[in-house]
Amino acid sequence: MCRRTPLVVTMDQPPQIDNRNDYLGTFVQKTLRLKPEKWSRMMATEEHKAVVMKFLERPLPLLLVIVLTPAAQLVASNGFPLVQLKTKGVYFIKKVAMPVSKITPADTIIMGDLACKIVDQLASLVDEVLVPLLSNSTNHDRWPTVIAKDVQKHVHSLKSTVYQVKGQVNGQTVLPMPVGVEKVQEVEELLIESNGKICDLYLKSAIEAIIIKWVSQINDVLANDSSENSSDANATPNAELQFWSLRLKNLQFIYEQLREQKVRSMGVILEKTNSAYYSCFKNLFKSVVISLAEAKDINLYLKPLKRHLVLLEDTDFSDAMPLVRPLVHVVCLIWSNSQYFDQVKLIVLLKQICNLLIYQAKRFLDPTTLFHSDIDEAMQRVNLSVNILKHFTRTFELYKENLGYFFRDKPLKPWTFHPNTVFERFNVFLDRLNTIQWFFNTVLEFTKLEKVEIGGVKGRMLSAKVTGVSAEFQQCFHLFSGKAHDVLDPDDNSFLAEFESFKQKIFELDLKLSSILCQAFEDCCNLESIFKLISIVGSVLDRPLIKEEFTSKYVKILDMLNEEMDTAEILVQEQMVHKEKNGHFRLDKYMPPVAGSLRWTHNLRERISAPILSFKALQHPITKTSEADEIIKKYENLTEKLYEFDDELFKQWAKAVPEQINVNLKQSLLKRNVKSKELQLNFNPQLSAILREVHYLKIMDHEDIPEEALLISERNDTFRQYIINLDSTIDWYNKIRRTSKDVEFQLIQHEIEEIDKLIIQGQTNLNWDSKGTSTMAYEKTSRDPNQWAKWLEEIEQEEVANEWSESSSEDEEIDEVEQEIHESDTEQETDDIPEEHNIEQESERSEIQNERLHEATRSGPYYIGKDGKNPHCVGPYDKLLPIQILMEMSVMTTSNSLLRSAFWFTETFDDSLVTILPLGQ
């Protein structure tokens, strides 16, 4: 027998259409009055789409809530509470724990809308649906009496509970009413008419039970303190102001409920029936009244504080310092005027003000970027914050000590609490800022090491070690600053643990750096290098460990300073001894005695002042020791001695100068040696010395130079030119006298006599203070200019011939004589000519004069007749130069011969000045 397999024929079913998303979206759009794209945008977000699909595809969850955020965006959730529910929302609930049907979703879910306050919606449901339905006596016809009363009792309890919750959500305390409260007035009237004999005991029992509830509720409200109410331990003063504002509203609401007629009737019933709960009810009412008065008083005096708090919050913390004092002033006014503002409330308020300052400082410093911003800028912000916070503590102490100002007409209420009860967290935050300050100072100090270059023998090696320490610090700094900590949170101690590890590393670096700097100090050989090292290193030496190690080195500075002062005193004593023997200090040969002495004392003062000033600038206790005081006293005595010497020396010189100037300026220009008949320049060396002194005193910016000395110094260039020209003329004249032989001299004797006549005026009539005019006249000598030049040429040729003809012995004798004469002339010239005269400039001037002379000679003289008889010789220039000197000449050396220039002698019309001009001028 064969068994046949049945043939099963299947047909493809059409796919089901999923209407669920459209169904939910349509309901949401209609209920919340939105555009379709809002739903599409929400479903395009993976997070919200996953929540919706989880609700549709799975048996659980049973709830889907969709709300509209303040940003007008839809948000899906599968549960409560809904933080985003600030406006109306939509809910969907499954009837059965199963996926929602794709074809007919309406059959498996219940939909509805949510109010922004769900408790209000629940209260409306209970008040408008459940209570009327279950309290209606018609619905109790078939119920036993006990069940009906029990249902009414539970319905009333539900209603009271819902209203209490609603009141708490809204910040109000709703007092529940007893069952049968609607009959309370009738019972009161009946009780009064019967003189307390007829009473509804069921209602009385309900009233007494509800009084117990009221006591519990109101005591919770009255016992609620701001210090305990705040959920945030670091609340700001705004929380305190809000607390008292809400407390006042709540107590007013309770007070209004207690003053309602039905509550009064309840009190009468308790009183007339001599209930044990009447006194409790009475005390409850009194407590509410007292607390209400307290809340009104405190809320009244806290209101002015609001404006200062808002101003402090809105102002940048860097500008908050002027706002601190008015804020504390208002707190003192609250303390002195409010009857109910006790020390507990004051402590709470001050703590909250401290929290506000901490919050503002944190916002100003920005802990997330504090260690990653510019160190100097961050340091400035931290310093500013510390100054403002310290200003608050100082202001607090100031007002605490002067509270009597606010209690002029009433007894003083001092602040008896310990400051730590207020400033505990504030001080922790301030210590944290001080720690960060130390950190930033350390960073800045070690950053300076990058630019430190130590000199001396070991400087290169020590500088490399310093650079290595700096590199180690940078690595340590980046490691520490990269840690994720809220460095400004005073309640977070994890930062302190990391900071201790950082300090240990810094301690090791300080040890290395201390050793390096001590070696650099030992390598310094003088005070200048020591103070330069201290200046370069800077504040690094103030680090405690380095300072402790480096302090012993400062003794060497004292020893070197003491040695420097002793050396300076010895130098002064040596100069004083030299001055007593020689009349002046031991100076450079080019320096005049007075100005040189003043310059020497000035340089010595600078030499000893520089290290003393650098030593005084040191921020170290060694500058306050007795040894340091002794050295400074020695320095002050020495400088005072030098100043006294300068004053005395200058006064003596200034006193003698006017007379010396007056006498020496009246001396004649020239003087003659009676034996040799040679001319000498009669410019007294005292005048040269005065001119040199004034010149150097001006360079030194010395004050109180005598007026006579200043006037003569203005003529310094004029005197120099006079002396140069006169020396040249005298040298020419004296050489003629010395080198001319008798035969030669006889040839020019007549001309020499004519010159001597004119020279006599320079010896008798003219002095260094004479004043001439610009009008010149020329005197003609007995010789023709051409003959004069020819005569000079003949003399030169004859001199050459005589030199070859004379014997060698005579030559040697002549050479010796000429050498002696030359040396004598050189000494004479050195003594008379001021030091300022430059030999190269004199040579250039002589060359220029020679060129002018030869040009004038080549151009030939002009002859002008005087009264048509006596011809005068005038050069090619028709304009005469006003020259106020006695003589001017040019001397040019060609090979071994001396070319003497021809001169013509002129005389001023008033005979006060004789001038010799070169031919051609």
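Side-chain atoms are counted along with the backbone in the values below, which use heavy atoms only and exclude waters and symmetry mates.
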With under 30° as parallel and over 60° as perpendicular, where do the rings of Tyr722 and Phe719 fit, or are they tilted in between?
perpendicular
Does any non-hydrogen side-chain atom of Val324 lie less than 4.5 Å from one of Phe396?
no
So does Asn664 get a backbone contact from the side chain of Asn684, meaning a donor-acceptor N/O pair under 3.5 Å?
no
If you take all heavy atoms of Ala709 and Val657, which pair is closest and at what distance?
CB-CG1, 3.9 Å
Checking side-chain polar atoms at under 3.5 Å, does Asn767 have a donor or acceptor matched by the opposite partner on Ser668?
no
Which heavy atom in Ala595 sits nearest to a heavy atom in Met700, and how many Å separate them?
O-SD, 3.8 Å
How long is the straight-line distance from CZ of Phe473 back to CD of Glu445, given to the nearest 0.5 Å?
9.0 Å
Can you tell me how far apart CG (Leu558) and CD1 (Ile622) are? Round to the nearest 0.5 Å.
4.0 Å
Distance alone, cut at 3.5 Å: any donor-acceptor contact between the side chains of Ser609 and Tyr635?
yes
Checking Lys579 against Phe645 for the side chain to side chain contact (heavy atoms under 4.5 Å, CB included) test, could you report, in this order, the C-alpha distance in whole Å, the side-chain angles of both residues, the deciding distance, and whether it holds?
CA-CA 12 Å; Lys579 187 176 186 301; Phe645 172 79; 3.8 Å; yes
Nearest heavy-atom pair of Met565 and Ile612: which atoms, and what distance?
CE-CG1, 4.2 Å
Spell out, as yes or no, whether a donor-acceptor pair under 3.5 Å connects the side chain of Asn682 to the backbone of Lys671.
no
Decide yes or no for Asp727 and Asp731: does some side-chain heavy atom of the first lie under 4.5 Å from some side-chain heavy atom of the second?
no
Might you confirm whether atom CD of Gln686 has over 12 heavy atoms from other residues, nucleotides or ligands at distances under 6.0 Å?
yes
Neighbour count >12 (heavy atoms, 6.0 Å) for atom CD, Glu528
no
Decide if atom CD of Glu397 counts as having more than 12 heavy atoms of other residues, nucleotides or ligands within a radius under 6.0 Å.
yes
Please work out whether the ring planes of Phe439 and Phe499 are parallel, tilted or perpendicular, with thresholds of 30° and 60°.
perpendicular
So Lys465 and Lys512, do their side chains get closer than 4.5 Å, heavy atoms only?
no
When you compare the side chain of Lys634 with that of Glu569, does any pair of heavy atoms fall below 4.5 Å?
yes
Side chain to side chain contact (heavy atoms under 4.5 Å, CB included) assessment of Ile436 paired with Val382
CA-CA 8 Å; Ile436 294 174; Val382 172; 4.2 Å; yes
What I want to check is whether the side chains of Arg692 and Tyr696 have a donor and an acceptor closer together than 3.5 Å.
no
Are any non-hydrogen side-chain atoms of Met591 and Trp600 less than 4.5 angstrom apart?
no
Can you tell me if Asn725 uses its side chain to pair, donor with acceptor, with the backbone of Gln721 under 3.5 Å?
yes
Measure the spacing between CZ of Phe683 and CZ of Arg720 and express it to the nearest 0.5 Å.
10.5 Å
On a heavy-atom basis, which atom in Leu649 and which in Ser597 lie closest, and how many Å separate them?
CD2-CB, 3.4 Å
What are the two closest non-hydrogen atoms of Arg394 and Asn387, and how far apart are they?
NH2-O, 4.2 Å
NZ of Lys503 to CG of Asp510, rounded to nearest 0.5 Å, is 11.0 Å
When rounded to the nearest 0.5 angstrom, what distance separates NZ in Lys677 from OH in Tyr733?
8.5 Å
Is the side chain of Asn662 donor-acceptor paired with the backbone N or O of Pro658 at a distance under 3.5 Å, no angle test?
no
Counting only N and O atoms by type, is there a donor-acceptor contact under 3.5 Å from the side chain of Gln575 to the main-chain atoms of Phe585?
no
Tell me, with the steps shown, if Leu598 and Leu697 meet side chain to side chain contact (heavy atoms under 4.5 Å, CB included).
CA-CA 9 Å; Leu598 296 178; Leu697 289 175; 3.7 Å; yes
Taken to the nearest 0.5 Å, the spacing of Leu527 CG from Lys532 NZ works out to 13.0 Å
Got Lys666 and Trp768 here, is their nearest side-chain heavy-atom distance under 4.5 Å?
no
Does the side chain to side chain donor-acceptor pair (under 3.5 Å) test come out yes or no for Lys698 and Ser713, once each step is laid out?
CA-CA 10 Å; Lys698 285 183 176 180; Ser713 69; 3.1 Å; yes
Do Glu606 and His602 have a side chain donor and acceptor closer than 3.5 Å?
yes
Using a strict 4.0 Å threshold on nitrogen-to-oxygen distance, state whether Glu678 and Arg672 make a salt bridge.
no
Between Thr601 and Val572, does the side chain to side chain contact (heavy atoms under 4.5 Å, CB included) criterion hold? Intermediate values first, please.
CA-CA 8 Å; Thr601 56; Val572 172; over 6 Å; no
Strictly below 4.0 Å, N to O, side chains only: are Lys556 and Asp559 in salt-bridge contact?
no
Would you say His584's side chain and Val594's backbone share a donor-acceptor pair under 3.5 angstrom?
no
Would you check if Leu389 and Leu430 make a side-chain contact, meaning some heavy-atom pair closer than 4.5 Å?
yes
Contact summary for Ile712 and Leu665, nearest pair of heavy atoms:
CD1-CD2, 4.3 Å
Quick note, salt bridge (Lys or Arg N to Asp or Glu O under 4.0 Å) partners involving residues 637-662, not counting sequence neighbours, are Arg605-Asp646
Side-chain touch Glu472/Glu508, heavy atoms, less than 4.5 angstrom:
no
